[in-house]
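Take a look at the structure below.
Every chain is numbered from 1 and lettered A, B, ... according to where its sequence line falls, protein lines coming before strand lines.
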Protein chains: 2
Amino acid sequence: MAKAIQQRALKTRAKLLDAAQAVVFEQGFEALRVEEVVKRAGVAKGTFFAHFKDKDALMDQLIGTEMNRHLDQIATLEPPKDIDSLIEALLPGMQLATRERYVFDVILRHSGAAANAEIGPIASTFARNVEVLANWLARGPFRKDIDPVLMADGVGAFQIQAMALSFCAIHNGEPMESMMKRYLEAWLLPKSEG
Amino acid sequence: MAKAIQQRALKTRAKLLDAAQAVVFEQGFEALRVEEVVKRAGVAKGTFFAHFKDKDALMDQLIGTEMNRHLDQIATLEPPKDIDSLIEALLPGMQLATRERYVFDVILRHSGAAANAEIGPIASTFARNVEVLANWLARGPFRKDIDPVLMADGVGAFQIQAMALSFCAIHNGEPMESMMKRYLEAWLLPKSEG
DNA sequence: TATTAAAATTGACCACGGTCACTTTTCTAG
DNA sequence: CTAGAAAAGTGACCGTGGTCAATTTTAATA
């Protein structure tokens, strides 16, 4: 049996990722074409698909890596002590995820991985996000009647909702910030019992 | 100026929709091909795109119509008197929306319409869903500290979340039903104040 | 009825993601 | 060093969504 993975392959993969990143930097995610990537990387088209299952897998890698890097910073912050500072911490990531409609669609598509083998960067970022949030929420001045993980799940659901609606014409351009404030006050600081 | 819209065009559109529905019935949404639709409808490919902006618009129409029909039935029900019966009312629609991964992706993509002109069947179903829900929630034994519309928005967000996670390998096959129960008890019947 | 402009339709064509049988390179075993 | 097997890479080819200049059909008007 020959060596499992060769240096050559790693270099090729790196070239592909570099080329893709360059295209995205210059023209955005939506304009990215596989043909352009392989041309810049100086490899054949087939090589691309030997390294990435499909174009979406490359997007997962590019976007997920960026989200993860961002989450690394977030994770070092102090647990927010109120809803406003929680939102302040969450907003940059949400803006990253919604800078292009196309990017948000990719994220939605990958937020629930279809199979165990397919858990990619974006899906695992979501999992980490819940961890970080749960940690924060457990330490903050929020409701105590439910599991922090459930609270975190809910915040995630409202983040998705606010991001989706930010593209929606019906809600004429209400900023995500104010939507989140409404949602999170009701979710994290309910004022009465049923 | 000639007549604004001709009978011929309406017939063609109907033929296209019929053909598409037949394909979906036989092979599911994922397998639907524009070429197959125009072949069955007996028209040229270009005609398809004169009637639908793109393949997604046809999907919007097919799926949205179905969702709307379902919502019509739901809307006639009595307001649920507890969380279990609320979930019971919501589940069939959620199962409809998740019968194929592809269908759910289409729904996600259309749940927030990109522009005023683009509010299609799926997006408007979401709007109606909030209306119906808000009505129910206002009459039910649920929290009274927030606007019913906000409550309904939240239920919608949790529906999306539960549907997305139902495809997710990390949450190994927890049924939507039990996820919804956890979410809605915490959202609609919070037991303490922050 | 003849004219004619807008509406409707056509199908050759293109763009782009993805496949696969084949070639080249790499590494290990003998 | 060599043989050979696995890994890596190649590029012609295909499927399918989408475009558009040209053609046909419709119906209002003179």
Side-chain angles (χ1 to χ4, degrees), chain A residues 1-20 23-24 26-63 101-103 105-106 109-110 114 118 120, chain B residues 1-20 23-24 26-63 100 102-103 105-106 109-110 114 118 120:
Chain A
M1 175 186 71
K3 189 173 162 189
I5 193 163
Q6 302 174 5
Q7 287 302 314
R8 177 174 54 147
L10 293 177
K11 273 204 168 177
T12 301
R13 189 188 163 88
K15 275 194 290 184
L16 285 167
L17 283 169
D18 285 350
V23 174
V24 167
E26 290 167 26
Q27 302 167 250
F29 284 89
E30 175 136 40
L32 188 136
R33 298 284 171 269
V34 172
E35 305 224 1
E36 178 69 17
V37 172
V38 298
K39 187 177 144 201
R40 292 197 191 202
V43 300
K45 205 172 187 178
T47 302
F48 178 93
F49 292 98
H51 285 268
F52 301 96
K53 180 179 163 288
D54 50 26
K55 188 184 166 185
D56 238 39
L58 170 66
M59 291 298 180
D60 188 10
Q61 195 65 49
L62 293 175
I63 296 171
R101 169 83 219 202
Y102 176 76
V103 169
D105 283 343
V106 172
R109 227 176 300 132
H110 287 82
E118 291 172 26
Chain B
M1 173 188 70
K3 191 173 164 189
I5 193 164
Q6 301 175 6
Q7 288 302 314
R8 178 174 54 147
L10 293 178
K11 275 203 167 178
T12 302
R13 189 188 162 89
K15 276 193 291 183
L16 286 167
L17 283 171
D18 285 350
V23 174
V24 167
E26 291 166 26
Q27 303 169 249
F29 283 91
E30 175 137 40
L32 188 137
R33 298 284 172 268
V34 173
E35 304 225 5
E36 177 69 16
V37 172
V38 297
K39 187 179 145 199
R40 293 197 189 203
V43 301
K45 204 171 187 178
T47 302
F48 178 93
F49 293 98
H51 286 268
F52 300 97
K53 182 178 161 290
D54 51 27
K55 188 184 167 186
D56 237 39
L58 170 65
M59 291 298 178
D60 189 11
Q61 195 65 49
L62 293 176
I63 296 170
E100 282 182 47
Y102 176 76
V103 168
D105 283 342
V106 172
R109 227 177 301 131
H110 286 82
E118 291 172 27

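A distance of 14.0 Å separates NZ in A/Lys11 from CG in A/Leu16, rounded to the nearest 0.5 Å. Between the CD atom of A/Gln61 and the CG atom of A/Leu17 there is a distance of 6.0 Å, given to the nearest 0.5 Å. Separating the CZ atom in B/Arg13 from the CG atom in B/Leu58 is a distance of 9.0 Å, to the nearest 0.5 Å.
Protein atom CD of B/Gln7 is 12 Å distant from nucleotide atom P of C/dT9, rounded to whole Å. Distance, A/Arg13 CZ to D/dA7 C1': 16 Å, rounded to whole Å. B/Lys15 places its NZ atom 11 Å from the C1' atom of C/dT9, with the value rounded to the nearest Å. Here D/dG18 presents its P atom at 11 Å from CG of B/Leu58, a figure rounded to the nearest Å. Counting to the nearest Å, the P atom of C/dA8 and the CG atom of B/Leu16 are 13 Å from each other. In this entry the distance linking CZ of A/Phe52 with C1' of D/dA8 reads 15 Å, nearest Å.
The phosphate of C/dT9 (OP1 or OP2) has a side-chain N or O of B/Thr12 nearer than 4.0 angstrom. In this structure, B/His51 does not reach the C/dA8 phosphate: none of its side-chain N or O atoms is under 4.0 Å from OP1 or OP2. The shortest distance between the side-chain N/O atoms of A/Thr47 and the OP1/OP2 oxygens of D/dA8 is not below 4.0 Å.
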At under 4.0 Å between heavy atoms, how does the protein contact nucleotides 12-18 of chain C? Give one character per nucleotide, 5' to 3', with B, S or -.
----SBB
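Remark: B/Ala57 pairs with B/Phe52, B/Lys53, B/Asp54 by the side-chain contact (heavy atoms from CB on, under 4.5 Å) rule, at least two apart or across chains. With sequence neighbours excluded, no residue forms a side chain to side chain donor-acceptor pair (under 3.5 Å) with A/Asp18.
Within 4.0 Å of B/Ala9, counting heavy atoms only, lie sugar-phosphate atoms of the nucleic acid but no base atom.
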Under 3.5 Å, which donor-acceptor pairs link side chains of residues 28-38 of chain A to any protein atom two or more places apart or in another chain?
{"residue": "A/Arg33", "atom": "NH1", "partner": "A/Glu30", "partner atom": "O", "Å": "3.4"}
{"residue": "A/Glu35", "atom": "OE2", "partner": "A/Lys45", "partner atom": "NZ", "Å": "3.0"}
{"residue": "A/Glu36", "atom": "OE2", "partner": "A/Arg40", "partner atom": "NE", "Å": "2.8"}
{"residue": "A/Glu36", "atom": "OE2", "partner": "A/Arg40", "partner atom": "NH2", "Å": "3.3"}

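Looking at the side chain of A/Val43, the nearest of the listed nucleotides C/dT10, D/dG9, D/dT10 is D/dT10.
Minimum interatomic distance between B/Gly120 and B/Asp60 (heavy atoms only, all atoms of both residues): CA-OD2, 3.4 Å. B/Ala41 approaches B/Ala19 most closely through the heavy-atom pair N-CB, 4.0 Å.
Partner A/Met59 forms a side-chain contact (heavy atoms from CB on, under 4.5 Å) with one of A/Asp105, A/Val106, A/Val24 and no other, that one being A/Val106.
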Polar atoms only, N or O, under 3.5 Å: list the protein pairs with nucleotides 22-25 of chain C and their distances.
none

